[in-house]
J.: 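Could you have a look at this structure, given as structure tokens, before my questions?
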Amino acid sequence: MKTIYLDNSATTFPKPESVAAAVENYIRNIGANPGRGAYGASLEAGRTALKLRMAACRLFNFDRPDHVVITPGATAGLNMVIKGLLKPGDHVIVTPMQHNSVMRPIRQLEKQGVAVDLLPFNDSSALHGLIKKETKLVVACHGSNVSGSLEDIEAIGKICKEKNIFFLVDAAQTAGHYPIDFKACNMSALAMPGHKGLMGPQGIGLLLVDPKLAEQLDPLICGGTGSASDLEEMPAFMPDKFEAGTLNVPGVFGLEASLRFIEEKGIKAIHAHIIELEERFRAGIAGISGVTAVGENFGCGVISLDFEGQDNASVSAALEQDYGILTRCGLHCAPSAHKILNTFPRGTVRFSLSYFNTQEDVDAAVSAVKEICG
Amino acid sequence: MRPKEPKIVLTFRSTTDAVTAEDYFMEKGIPGRIIPVPRDISASCGLAWCGPVETAGDIEHAKLLGRVRIEGTFNLML
């Protein structure tokens with residue numbers, strides 16, 4: 001039985017061949033750390049890190065490679081901004097379909113005196129009514145990892161700019177297969193993992209930070225940077241302010257290769273391919289009784305199904321055992337999103353697509369769903 | 001022993017600034033290379049860029065354009 005991987009929201013698989021080759025080349029032939037030597041191998045690592053930052057600037061329409069922070073992942077990047085900025089007495093507004101990568105640091109800060117409000121689902125205009133003088137930050141989840149619902153980040157960013165409030169976007173489910181424009185959306189920061197839509201390895205991510213916000217953030221992690229070594233305080237300049245300790249250099253090489261792959265294919269072409277597959281999937285299940293696709297305003301290759309009268313976890317297990325289709329069931333680290341979708345606590349079965357999926361994969365999944373509901 | 005020549009040496013706060021400058025100078029055809037910081041100079045990141053003194057005008061132009069961030073500029077015999 002052929003295995004069909006449809007859990008790309010968790011991590012994309014397979015990766016481009018060039019990603020594996022770049023990681024292998026680094027480990028076998030280079031091996032040195034950037035910023036820790038002036039010899040050729042160290043410089044090559046530093047140059048590759050710069051290429052990665054510059055590619056991110058091109059992909060997300062951002063001007064400052066030195067303000068592209070290499071992080072361990074989206075969660076780390078989100079925590080860097082949320083915890084680096086908010087202090088007791090501050091107010092933060094979050095969009096409702098959040099992942100725990102945002103909600104857990106926010107709830108932790110709430111206990112320390114940060115006030116929290118959630119926007120209503122699919123109503124960014126309600127932001128006006130929630131803003132107060134203490135509001136310092138708005139955090140938006142661009143694409144829901146549960147339902148694939150998209151938030152209107154352009155509209156939210158416009159309001160944040162008018163009100164002079166920092167705007168953080170979590171692009172965990174959209175970066176790499178959905179066109180994102182940092183400037184057009186008036187973002188202050190954009191956090192993403194390297195291993196999902198960007199198709200790089202795990203353990204690396206990117207945080208793009210506007211200089212005005214970067215100045216105000218306290219670094220969460222302090223340590224050696226290979227720079228300002230005469231000082232025992234963290235340097236204030238970028239990106240070193242947020243890059244203490246040795247970087248994930250195999251990840252840097254892998255992610256740089258995957259961004260090159262995305263640039264070669266074109267983000268618009270990748271997006272079009274995923275949308276075509278998503279529409280085919282949704283059309284395929286539309287006529288099947290006994291199953292519902294939850295959410296609305298879709299468009300990032302995530303489809304969550306609720307099987308009526310069946311245990312969703314058992315359905316997910318059957319999809320693997322009987323059809324070789326890999327999906328994710330449960331609550332997807334997003335309890336609030338499931339409450340909004342009325343699928344809490346039973347969860348859903350999530351199918352998520354990548355550039356490497358095909359129409360045949362989608363047809364096989366639809367056919368399996370049909371049999372399970374039959 | 002290799003004869004010494006007058007050189008312009010640039011220092012940087014960070015590796016990112018150093019390789020950004022190297023990348024820009026290569027793009028513009030400005031001759032030079034990254035070297036370890038000479039012992040007479042103290043620099044943040046341990047990397048310096050070294051080129052012929054004739055490049056001073058091009059470097060100043062790049063600074064004015066905001067394309068490179070340089071910590072210090074030195075004229076040395078290297």
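In this text, all values refer to a predicted model and were calculated from it rather than measured experimentally. Quick note on labels: first sequence line is chain A, next is B, and so on, each numbered from 1.
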J.: Nearest 0.5 Å please: distance from the SG atom of A:Cys57 over to the CG atom of A:Leu259.
T.: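 These two atoms lie 10.5 Å from each other.
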
J.: Tell me the residues of residues 184-207 of chain A whose non-hydrogen atoms fall below 4.5 Å from those of chain B, in number order.
T.: none

J.: Considering all heavy atoms of both residues, which atom of B:Phe12 and which atom of B:Ile70 are nearest to each other, and what is their separation?
T.: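 Where B:Phe12 meets B:Ile70 most closely, the heavy atoms are CE2-CG1, 4.0 Å.
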
J.: Taking non-hydrogen atoms and a cut-off under 4.5 angstrom, which of residues 45-56 of chain A neighbour chain B?
T.: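 Checking residues 45-56 of chain A against chain B gives A:Gly46, A:Arg47, A:Leu50, A:Arg53, A:Met54.
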
J.: Quick check: does any side chain N or O of A:Tyr26 sit under 3.5 Å from a backbone N or O of A:Ala32, one acting as donor and the other as acceptor?
T.: yes

J.: Is it true that a side-chain atom of A:Lys212 and a backbone atom of A:Phe166 form a donor plus acceptor pair closer than 3.5 Å?
T.: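 Checking the backbone N and O of A:Phe166 against the side chain of A:Lys212, no donor-acceptor pair under 3.5 Å is found.
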
J.: Roughly how far, to the nearest 0.5 Å, is CH2 of B:Trp49 from CD1 of B:Ile34?
T.: 9.0 Å

J.: Quick one: salt bridge (charged side-chain N to carboxylate O under 4.0 Å, His left out) partners of B:Arg33, sequence neighbours excluded?
T.: none

J.: Supply the atom-to-atom distance A:Asp240 CG to A:Met238 CE, rounded to the nearest 0.5 angstrom.
T.: 9.0 Å

J.: Look only at the side chain of B:Thr11 and the backbone of B:Gly72, and say whether a donor-acceptor pair between them is shorter than 3.5 Å.
T.: yes

J.: Decide if atom NZ of A:Lys183 counts as having more than 12 heavy atoms of other residues, nucleotides or ligands within a radius under 6.0 Å.
T.: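 Yes, enclosed.
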
J.: Any Lys/Arg nitrogen of A:Glu256 or A:Arg260 sitting under 4.0 Å from an Asp/Glu carboxylate oxygen of the other?
T.: yes

J.: Ignoring hydrogens and geometry, is there a side-chain-to-backbone donor-acceptor pair from A:Ser42 to A:Tyr39 under 3.5 Å?
T.: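 Not confirmed, A:Ser42 side chain does not pair with A:Tyr39 backbone.
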
J.: Side-chain contact, heavy-atom cut-off 4.5 Å: B:Lys7 with B:Glu5?
T.: yes

J.: Take a 6.0 Å sphere around NZ of A:Lys87 and say whether it holds more than 12 heavy atoms from other residues, nucleotides or ligands.
T.: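 More than 12 within 6.0 Å, yes.
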
J.: I need the contact set between residues 59-81 of chain A and chain B: heavy-atom distance under 4.5 Å, sorted by residue number.
T.: A:Arg64, A:Asp66

